Number of protein chains: 2
Amino acid sequence: MGRIEDLRRFNRTVSTRIGVLHDRFLGRDRPLGEARLIYEIGEAGAELRDLRARLELDSGYLSRLLRSLEKQGLVAGGAAEDARVRRVALTPAGLAELAELDRRSDDLAQSLLAPLDEKQRAKLVAAMNEVTHLLAASSLTIEAAPADSGDAKACLASYYAELQSRFDAGYDPAKGAPTDAAQFAPPRGIFLLARTLGRTIGCAALRTWAPRVGEVKRVWVSKEARGLGVARRLMDAVETHARGFCFKTLRLDTNRTLTEAQALYRSLGYREIARYNDERYADHWFEKRL
Amino acid sequence: MGRIEDLRRFNRTVSTRIGVLHDRFLGRDRPLGEARLIYEIGEAGAELRDLRARLELDSGYLSRLLRSLEKQGLVAGGAAEDARVRRVALTPAGLAELAELDRRSDDLAQSLLAPLDEKQRAKLVAAMNEVTHLLAASSLTIEAAPADSGDAKACLASYYAELQSRFDAGYDPAKGAPTDAAQFAPPRGIFLLARTLGRTIGCAALRTWAPRVGEVKRVWVSKEARGLGVARRLMDAVETHARGFCFKTLRLDTNRTLTEAQALYRSLGYREIARYNDERYADHWFEKRL
DNA sequence: GAATTTCTCTGACTAACGTCAGAGAATGGG
DNA sequence: CCCATTCTCTGACGTTAGTCAGAGAAATTC
C-alpha cells in the first residue's frame, strides 16, 4: 500500500537530511558516542546503570567512554547511596560542552528552517510536532513496576501535584488513600507504568478491594502525552491483569473536576454507582463487570 | 523561540526512534556502509563518481566496499563510455538483496504503524509526507551545470516527455527551439539545475536573445517537487544571472496548456506581449524589465 | 555468615569506518 | 603531442564502535 511507500521515503529523507546532519552537528570534534553520553548525563547527572540501559551500551564500553570524558575534565563521578553503583555528573566544563551541543542542535534546526518562507516554516513545525507526538504513541510500552521504584514515585509526585492544582479544595496525599506499595504488588495488585522513548509518561494501579473485586487507582498521564490514547491503553492493561487476578468486578472513584477521566471510564463500559468507600476526594464512583 | 525547541525534540525522537531502528533493520547481517551502497546503486546501476558524490564517500573506501560486494557476488561492474569511470550494477543476487533491504524497510514502517489505530495512522502518514516534502524544499539548491551534462539531459528528457503528454498536438523536441548546449553556457547564457537531497528535480535555462535581451527557456519542475516554490526559486536565480549578464529585459514563451506557468510568470512581474519569435509550440509571450 | 546477585572496571579482541598519499589509466584542451 | 585534469585503485594508517570473559567490591538473600 501507498502508506508503506510514504513511510519508506520519510525514513530515507529524514535519516539522510536529519540523521546525518544531526550526527555531524553533534559530533563535530568529538566521537558521537561521547557526545550522546554527555547529552544523556544531562544537567542532573545520572547513574551508570541508567545510562547503560538508556543508551544500550556494554558496561565495559560505557566505562571507557566515561574515563575518556573524565580525562577531558567534562565529567566527575562519586558513588551513589548504593555503593555498587556510580553516579556521574557534568563538571562546569562538561555543562559548557552540553550547552555547546544544544547550540549545535539549534543550528541544525535553523539550517532546516532558514531556506523556507514563513508559511512553510509554520507547516513544517506543525507537521514535525505531529510526527513526534504520534511516534511517541507508537513506541508506547506498558509494564509493571514496584510502586516504590524511582520512576513510579516520580510519576505519582506529578500526579499528586496535578490533583493539588485541579481539585477545588487542593489535594494532600496524606489524607487520600493509603499509599503503601505492597497493596499494589502481586499477589494483591499491580502497578503499571507507561513509557515512550525511555521516558515515563503515565501510570495506573490496581489493588484488591474485596474478594473478586479490584479497585483501580492512580490513573494518570503526563500533560505532553495526552490525546494519544495512553490512558485507554493503561486501562486495557489494567483489565488484562485484573482478569489474571480473577477479579470479576472493577471499581474506581474520581473527583468531579476530572471530567475527561469520567468520560473515559464511561466509554470503557464503567457505570456510575453509589459511594462504595469513604475517600474524601471522591465525588463519583464507577464499576465495571469483567 | 518555541519552534527551535520543537525541532530539537523532533530530531531526538526521530533519530532515536527511526534512525536507530533504520540502521538496525537495514544492516542486520551486513555492515551499514554496504547496505547503503546497495541501496544507492539501485536497480538501474550507477557510476562510481555519482555514488561517491551521493554518499560522500572517500574514493578508496568506496572502492573497497565495492570489492567486498563483488566478492559476495552482489555487484558486477564494467566500464562506462568514459573509460575512466566505472559503472556498476547489481547482479541477480544483488537485486535479491536490495529487495530484502526494501522488505526490512517496510517492516520498520509496519512496526511504527502497527501500534496505532486507523485514525492515528492516517494522521502520521500525512504528517510524515508533509515533513518529507518540506525538508526537500529546505534542502533545495540551485546551481549551474552544462546543458549537455548527464543530469541536465535527464531533466530535459523528463521535460520533453511532459510536454509531449500535455500539449494538444504533442511535442517533438526536434521541431522546437534549437538545443545545442553552447547557447546555454556562459558567456551567452546559463543552464540551472535544482536539486534536493542529491536528486535533480528541476531546471531552467537562460540564453541571449538580442543585445541586452535574454530569453528564459526550459523551466521545468518534476511532479513530486511541485508546490514547494521550486519554480519561483529557479526564476529568481535566472534573474540574478540575467543581471550578471547585463540583460535589461527577459522574454519567454509558453504553451496555452501550461496554465500554472503562466500564472507564475505573471506573479513574478512578467507582462504578456505580442509574438516575438516563431516557436511553433508557443501560444503566449511574456516580457519583464529588470 | 555464606552464597548469590548486582554493578563496575579491565584486558584482549574484532569489525567497521574513515583518511591520506600516491600510482596508473584515460580524457580533454591547447 | 604535451600537459593538466579526472577517475579509480592500492597500501598504510588511525580512530571509533562494539563484544566477551573475568575480576573485584558491595549489597541482598537465605
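Naming: A, B, ... by sequence-line order, numbering from 1 per chain. A quick note: this is a predicted structure, and the numbers were derived from the prediction, not measured.
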Revision key, fill the gap. Closest of D:dC9, D:dA26, C:dC9 to the A:Ala83 side chain is D:dA26

Point to revise | Nucleotide nearest A:Arg86 (side chain, heavy atoms from C-beta), chosen from C:dT8, C:dG18, D:dC9 | key: C:dT8

Point to revise | Partner residues of B:Arg233 under the salt bridge (charged side-chain N to carboxylate O under 4.0 Å, His left out) criterion, sequence neighbours left out | key: none

Review point. Is there a donor-acceptor contact under 3.5 Å linking the side chains of B:Arg188 and B:Gln183?
Key: no

Exercise for review: Could you tell me whether the side chain of A:Arg64 has a donor or acceptor atom within less than 3.5 Å of a complementary atom in the base of D:dG18?
Suggested key: no

Revision key, fill the gap. Sorted by position of nearest nucleotide on DNA chain C, 5' first, the leading residue of B:Leu65 and B:Ser59 is B:Leu65

Review point. Under 4.0 angstrom, heavy atoms only, what part of the nucleic acid is B:Gly60 near: base, sugar-phosphate, or nothing?
Key: base

Review point. In this structure, are over 12 heavy atoms from other groups packed under 6.0 Å from B:Glu143 atom CD?
Key: yes

Practice item. Apply the test side chain to side chain contact (heavy atoms under 4.5 Å, CB included) to residues A:Asp6 and B:Thr132: give CA-CA distance (whole Å), side-chain angles for both, the deciding distance (0.1 Å), then the verdict. Key: CA-CA 9 Å; A:Asp6 288 345; B:Thr132 308; over 6 Å; no

**Study point:** Phosphate-side-chain proximity, A:Arg30 and D:dT16, N/O vs OP1/OP2 below 4.0 Å
**Key:** no

Practice item. Could you tell me whether A:Asp82 contacts a base, only the sugar-phosphate backbone, or nothing, with contacts defined as non-hydrogen atoms closer than 4.0 Å? Key: sugar-phosphate

Point to revise | Separation of atom CD in A:Glu34 from atom P in D:dT16, rounded to whole Å | key: 7 Å

Review point. Looking only at N and O atoms, is any donor in the side chain of B:Arg84 or the base of C:dG28 less than 3.5 Å from an acceptor on the other one?
Key: no

